[in-house]
Participant: 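So that we are looking at the same thing, I have put the structure below in structure tokens.
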Amino acid sequence: MAEVLDKVYDPQRIENKWYEYWEAQGLFTAQADGQKPPFAIVIPPPNITGFLHMGHALNNTLQDILIRCKRMQGFDALWMPGTDHAGIATQNVVERMLAQEGQDRHKVGREAFISRVWQWKQESGGTIIKQLKRLGCSCDWSRERFTMDEGLSRAVREVFVCLYEEGLIYKGDYIINWCPRCQTALADLEVEHEPTDGYLYYIKYPLVDQEGSITVATTRPETLLGDTAVAVNPEDLRYLAYHGATLRLPVLERKIPLIMDPHVNPEFGTGALKVTPAHDFHDFDIAQRQNLPAVKALDEEGLMTEAAGKYQGLDRFVCREKILKDLKHDELLEKTEPYSHAVGHCYRCRTVVEPMISKQWFVSVQTLAEPAIAAVQEGRIKLIPETWEKSFFDWMTNIRDWCISRQIWWGHRIPAWTCQECGRVIVTREDPTSCPTCGVADLKQETDVLDTWFSSALWPFSTLGWPEDTPELRLFYPTSVLVTAFDILFFWVARMMMMGLHMMKEVPFREVYIHALVRDPEGQKMSKSKGNIIDPLELMNRYGTDAFRFSLSAFAAMGRDIRLSEDRILGYRNFVNKVWNASRFTLMNLGDYDPAREDDTPLSVVESWILSRLQQVKTEAVRHLETYAFDQAAHVLYQFTWHEFCDWYLEFIKPQLGNGATPSERHHTQRVLVEVLSAILRLLHPFMPFITEEIWHKLPGARGSIMVAPYPTPDQALHNPAAEAEMGLVMESIVAIRNMRAEMNVSPAASVSVLVFSQDRSPMEILEGHQQSVRLLARVQDIQFQPAGNPPAAAAKSVVMYSQGGSLDLVMPLAGLIDFKEEARRINREMDKLSRELAQAQKQLANEDFLSKAPPEVVERERERHQALTEKLGKLKSHEKRLRELVA
RNA sequence: GGGCGGAUAGCUCAGUUGGGAGAGCAUCGGCCUUACAAGCCGGGGGUCACAGGUUCGAAUCCUGUUCCGCCUACCA
């Protein structure tokens with residue numbers, strides 16, 4: 001017979017083929033016609049500057065599993081894809097390109113720069129999408145969106161104007177985080193605090209009108225140039241005498257007051273705090289309370305301002321050194337201590353950020369946060385696993401206003417205009433041409449753009465067509481589930497809740513599945529700087545996409561980070577190959593199979609058993625997928641496919657497919673085999689889409705893609721405990737015989753016979769009915785069944801218990817074949833184990849409390865166990881005794 | 001400082017209302033048994049971090065301790 005499949009599965013050969021096929025057939029496209037129940041997921045939009053990393057790979061594999069499963073289950077499944085314009089990140093990329101050409105954005109100008117970014121997006125922005133396709137993602141590409149496309153930009157504008165009109169967006173002077181390199185404000189979340197080794201400098205501020213000085217401690221001496229006070233705790237006795245004093249700011253000689261503020265911690269440093277309202281969050285608050293002026297000592301480029309006097313124009317870090325030198329010279333630097341503290345860095349470029357007072361746009365989040373908190377509390381949005389709820393509530397209740405303006409060019413430009421004549425601010429849906437107050441046409445648009453997360457916050461409804469009233473929006477909003485890692489829970493998820501609830505009056509998604517982070521084999525977070533990045537594409541090339549996907553799902557245990565282990569991926573690569581070869585075997589035996597032929601042969605016990613087990617597996621797999629226990633779903637399918645279907649079922653049915661079988665037997669066996677394999681392929685398809693599709697098309701009677709074949713559902717009528725018990729006995733007997741052979745070092749070629757003794761009719765008859773399988777799978781030449789009799793002493797012996805009652809003695813006469821001492825050792829090992837278990841059971845049953853308080857079924861089970869152990873141990877003991885006599 | 005998670009076989013990890021400790025890999029022994037050596041068969045290996053408590057019964061629930069990891073925070 002011609003080879004139906006190659007001997008080894010070659011992923012590269014077929015992956016592209018099937019992806020193109022799926023796309024060409026339009027199988028990813030949601031109908032949105034209301035004919036089927038909806039199921040929708042919006043993708044966390046990857047940055048257009050992005051390349052597929054492990055986090056993407058895991059996140060999108062899990063989404064694809066869910067969406068493929070739901071699609072097969074008959075839902076109108078929409079996986080809404082798209083990309084994020086990633087303001088700062090993208091602008092940085094294009095600016096770097098310009099730099100290489102000796103240009104910068106200011107020379108080029110705003111409009112030309114923006115079209116340059118669009119051009120870059122056109123040429124290089126699609127990489128991540130190609131990589132998602134490589135991963136097999138079944139996104140509805142016909143609906144792909146981009147946060148800067150026309151529709152989404154309209155949504156952004158609409159939301160901005162609405163919130164502004166409601167007074168929920170305002171512009172104000174406020175202290176924000178400023179990145180001197182990116183030249184923009186950053187939201188609190190965009191600042192990463194990294195522990196940094198620095199120094200704590202103790203600086204003396206001389207008193208005016210009296211002797212002495214007050215010493216303050218700081219990590220940033222250059223900011224003293226912006227100091228407008230020194231604060232001490234009102235309770236701090238050490239400074240009681242100085243209340244109301246005036247101090248002389250070192251170097252600048254400016255006079256500043258000593259004030260009292262309860263926020264100062266007397267325990268830290270000297271208990272005296274220099275107050276720099278323009279460059280410190282804490283100090284800003286103090287200044288607000290105490291009506292202190294703010295002096296801006298640093299400018300937007302991180303250079304010292306005019307207020308810094310002779311230090312004007314110096315870089316902040318150069319200035320720090322200079323000031324220290326001058327302080328030393330003036331003998332005002334008391335001491336310097338090494339000090340490690342958290343320093344804020346720009347999450348995009350790693351530059352040390354500078355807190356700075358600035359005029360920015362804010363979203364007032366308090367009123368938006370409350371409905372989001374309520375939605376989670378009331379269970380209208382479920383966070384899975386629930387453990388995240390606590391963090392969520394903590395964050396949401398302490399949330400500060402969201403700074404949404406960014407001083408960059410790439411993004412949604414804030415739709416606000418200022419009349420140059422009367423100063424009126426105009427925020428409208430359509431670009432204004434003249435001032436509604438004074439009528440002049442001299443209007444200037446805000447130059448800032450919006451934080452990228454502003455547009456992503458609208459993603460669940462903006463991608464569905466809002467503000468238009470589209471069929472998609474009506475059908476798919478609220479979406480079913482959001483799949484994401486916890487690192488963007490606050491950046492993105494919380495904001496989607498706020499915006500969705502406010503604009504749509506309805507939650508954006510009903511469930512949020514929060515998966516783990518992928519770490520390197522040592523448990524470290526993967527990062528460019530550590531150089532420990534593992535490239536998912538490389539793993540796909542090496543092991544195949546299906547194996548890679550299956551690995552990720554098998555790793556995805558709830559609430560625990562993933563340590564990437566290549567050994568395990570290799571193991572799942574082998575599993576994929578196993579599926580391939582089981583299918584290969586099946587197809588090799590289907591040459592003459594006619595699916596249309598009638599089959600009235602009843603199911604054999606083996607078939608009843610495998611079908612019964614299959615129903616159980618279907619139930620478990622679906623249950624695990626519905627609770628996002630991807631690892632358990634994968635595990636159940638792995639175990640069943642490999643260790644039940646391949647290891648046992650296929651071996652059992654080989655004779656029924658061989659020459660000895662009648663045509664109708666053979667046909668019947670083929671029919672059931674195809675049925676089971678078909679179910680396995682469909683169950684596995686969401687995890688390993690490519691290989692299952694390839695095999696699916698080779699199955700007899702193949703019709704269309706496996707993607708739209710029904711996902712298996714359990715058939716209770718096939719549940720068959722009797723067949724499972726019966727096959728349990730058969731398999732245990734085979735294992736027992738194999739064990740005796742292996743342990744006794746009986747060569748596989750050696751011919752052995754087995755005698756089966758038992759007083760119990762039922763297990764005896766069962767095994768007798770399966771003697772062909774026993775012969776074949778345990779490599780036994782001759783097998784005899786004896787209700788009673790005297791087994792030979794020169795033999796190995798095993799006792800197999802039948803779960804429905806009774807037992808079998810399997811005796812392998814081995815005169816001349818074995819060393820009896822060896823058999824005695826084997827028996828003793830087993831008896832030891834049994835004795836220990838028996839002792840345990842005895843202790844339990846001797847315990848009055850156990851008997852009276854434990855549930856009756858537990859007690860009953862313990863009794864049965866005790867009896868079985870006693871019986872088995874007794875039989876082995878007498879065998880062992882006879883062996884001893886024989887040796888003696 | 002606050003919060004969260006983890007500690008189970010040599011390694012990576014499961015263990016779903018508390019009721020006979022599991023998988024994969026590794027290891028040891030034996031097999032080219034006509035789907036698969038990326039395979040088949042069999043074996044060995046664990047005081048479930050430590051100390052208490054609740055319970056007839058604890059890897060599982062409670063308290064405390066130790067050691068890791070993460071998130072968060074304005075102690076300058």
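Order of the sequence lines fixes the chain letters, A, B, ..., with proteins taken first and strands second; residue numbering starts at 1 for each chain. None of these values were measured; they are calculated from a predicted model. Below, each value reflects all heavy atoms present in this structure, side chains not excepted, and no hydrogens, waters or symmetry copies.
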Participant: Between B:rC36 and A:K7, counting only base atoms on the nucleotide and side-chain atoms on the residue, is there a donor-acceptor pair under 3.5 Å?
Facilitator: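 No such pair is found, so the answer is no.
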Participant: Between B:rG15 and B:rA7, how far apart are the two C1' atoms, rounded to whole Å?
Facilitator: 15 Å
Participant: Using a 4.0 Å heavy-atom cut-off, does A:D283 contact any base of the nucleic acid, only the sugar-phosphate backbone, or nothing at all?
Facilitator: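 The residue A:D283 makes no contact with any strand.
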Participant: Counting only Watson-Crick pairs (N1-N3 plus N6-O4 or O6-N4) and G-U wobbles (N1-O2, O6-N3), all under 3.5 Å, who is the partner of B:rC61?
Facilitator: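 B:rG53 - that is the nucleotide pairing with B:rC61, both distances being under 3.5 Å.
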Participant: Determine the interplanar angle of the A:W388 and A:F486 rings, folded into 0 to 90°, and report it as parallel if under 30°, tilted if 30 to 60°, perpendicular if over 60°.
Facilitator: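 Correct class here is parallel.
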Participant: Nearest to the side chain of A:L273, heavy atoms from C-beta on, is which of B:rA76, B:rA35, B:rC36?
Facilitator: B:rA76
Participant: Between A:K390 and B:rC71, is there a side-chain N or O to OP1/OP2 distance below 4.0 Å?
Facilitator: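 So the side-chain polar atoms of A:K390 never come under 4.0 Å of the phosphate oxygens OP1 or OP2 of B:rC71.
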Participant: Measure from the side chain of A:H282, starting at C-beta and using heavy atoms only, and say which of B:rG20, B:rA76, B:rA14 lies closest.
Facilitator: B:rA76
Participant: For A:T276 and A:K274, test the side chains for any donor-to-acceptor distance below 3.5 angstrom and give the result as yes or no.
Facilitator: yes
Participant: So, A:Y543 versus A:F550, ring centres under 6.0 angstrom or not?
Facilitator: no
Participant: Check for me whether A:K578 meets the cation-pi criterion with A:Y572, that is, NZ or CZ under 6.0 Å from the six-membered ring centre and within 45 degrees of the ring axis.
Facilitator: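 Output no; distance or angle outside limits.
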Participant: What nucleic acid atoms does A:F575 come within less than 4.0 Å of, heavy atoms only: base, sugar-phosphate, or nothing?
Facilitator: nothing
Participant: I'd like the C1' distance from B:rG6 over to B:rU65, given in whole Å.
Facilitator: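 Here B:rU65 and B:rG6 have their C1' atoms 16 Å from each other.
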Participant: Find which nucleotide of RNA chain B each of A:N581 and A:Q639 is nearest to by heavy atoms, and output the residue with the more 5' nucleotide.
Facilitator: A:Q639
Participant: Atom OH of residue position A:Y199 - does it have more than 12 heavy atoms of other residues, nucleotides or ligands inside 6.0 Å?
Facilitator: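 Incorrect, the count does not exceed 12.
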Participant: For nucleotides B:rC25 and B:rA38, find the distance between their C1' atoms and express it as a whole number of Å.
Facilitator: 13 Å
Participant: For A:E651 and for A:H624, find the nucleotide of RNA chain B with the closest heavy atom, then tell me which residue's nucleotide is more 5'.
Facilitator: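 Nearer the 5' end of the strand: A:H624.
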Participant: Could you check which of B:rG42, B:rU33, B:rA76 has an atom nearest any side-chain atom of A:R779?
Facilitator: B:rU33
Participant: Using both distances under 3.5 Å as the test, list the Watson-Crick or G-U wobble partner of B:rC48, or none.
Facilitator: none
Participant: Can you tell me how far C1' in B:rU47 sits from the matching atom in B:rA58, rounded to whole Å?
Facilitator: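 My reading of the C1' atoms in B:rU47 and B:rA58 gives 14 Å.
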Participant: What is the nucleic acid contact for A:R738, judged by heavy atoms within less than 4.0 Å: base, sugar-phosphate only, or nothing?
Facilitator: sugar-phosphate
Participant: Considering every strand and a 4.0 Å limit on heavy-atom distances, what is the contact class for A:R623: base, sugar-phosphate, or nothing?
Facilitator: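 The residue A:R623 makes base contact.
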Participant: Quick check on B:rA21: is either OP1 or OP2 less than 4.0 Å from any side-chain nitrogen or oxygen of A:K833?
Facilitator: no
Participant: For the side chain of A:R865 and the base of B:rG20, is some donor closer than 3.5 Å to an acceptor across the two?
Facilitator: yes
Participant: Indicate, with a heavy-atom threshold strictly under 4.0 Å, whether A:Y543 touches base, sugar-phosphate, or nothing.
Facilitator: nothing
Participant: Could a donor-acceptor pair under 3.5 angstrom be found where the side chain of A:Q632 meets the base of B:rA23?
Facilitator: no
Participant: Give the ring-plane orientation class for A:F575 versus A:Y638, where under 30° counts as parallel, over 60° as perpendicular and anything between as tilted.
Facilitator: tilted
Participant: Using a cut-off of strictly less than 4.0 Å, decide whether A:W642 has a side-chain nitrogen or oxygen near OP1 or OP2 of B:rC40.
Facilitator: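 Checking B:rC40 against A:W642, a side-chain N or O does come within under 4.0 Å of OP1 or OP2.
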Participant: Verify the distance criterion only: is there a donor paired with an acceptor across the side chains of A:K698 and A:S583 at less than 3.5 Å?
Facilitator: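 No, no side-chain donor-acceptor pair sits under 3.5 Å.
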Participant: Within the structure shown, what part of the strands sits under 4.0 Å from A:E620 by heavy-atom distance: base, sugar-phosphate, or nothing?
Facilitator: nothing
Participant: Between B:rG22 and B:rA14, how far apart are the two C1' atoms, rounded to whole Å?
Facilitator: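 Rounded to whole Å, the distance is 7 Å.
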Participant: Could you check whether A:V8 gets within reach of a base, just the sugar-phosphate, or nothing at all, counting any heavy atom under 4.0 Å?
Facilitator: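 Result for A:V8 = base.
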Participant: With heavy atoms under 4.0 Å as the rule, sort A:D567 into base, sugar-phosphate or nothing.
Facilitator: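 Sugar-phosphate, no base atom in range.
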Participant: Pick the C1' atom in B:rA51 and in B:rG43, then give their distance to the nearest Å.
Facilitator: 37 Å
Participant: Look at all strands and tell whether A:H866 reaches a base, only sugar-phosphate, or nothing, counting heavy atoms closer than 4.0 Å.
Facilitator: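 Nothing: the residue A:H866, judged by heavy atoms under 4.0 Å, touches no strand.
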Participant: Using the P atom as the point on both nucleotides, what is the distance between B:rC71 and B:rU54, in whole Å?
Facilitator: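 So the two P atoms sit 39 Å from each other.
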Participant: If the cut-off is 4.0 Å, is A:N739 near the phosphate of B:rC41, judged by side-chain N/O to OP1 or OP2?
Facilitator: no
Participant: Considering every strand shown, what is the Watson-Crick or G-U wobble mate of B:rG42 when both distances are under 3.5 Å?
Facilitator: B:rC28
Participant: For the side chain of A:F486, starting at C-beta, report the closest nucleotide among B:rC70, B:rA76, B:rG44.
Facilitator: B:rC70
Participant: Donor-acceptor pair, distance only, cut-off 3.5 Å: does the side chain of A:Q656 make one with the backbone of A:R666?
Facilitator: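 No; zero donor-acceptor contacts below 3.5 Å.
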Participant: For a quick test of reading the model: is some side-chain N or O of A:Y339 closer than 4.0 Å to OP1 or OP2 of B:rA76?
Facilitator: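 For B:rA76, OP1/OP2 do have a side-chain N/O of A:Y339 under 4.0 Å.
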Participant: Is the phosphate of B:rC74 approached by A:H279 (side-chain N or O, under 4.0 Å from OP1 or OP2)?
Facilitator: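 So the side-chain polar atoms of A:H279 never come under 4.0 Å of the phosphate oxygens OP1 or OP2 of B:rC74.
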Participant: Which base sits across from B:rA23 as a Watson-Crick or G-U pair, both distances under 3.5 Å?
Facilitator: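 Its partner is B:rU12 (Watson-Crick or G-U wobble, both distances under 3.5 Å).
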Participant: With rounding to whole Å, what would you report as the distance between B:rU33 and B:rC40 at their P atoms?
Facilitator: 14 Å
Participant: Choose from B:rC4, B:rG42, B:rA76 the nucleotide whose nearest atom is closest to any side-chain atom of A:A742.
Facilitator: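 Shortest atom-to-atom distance from the side chain points to B:rG42.
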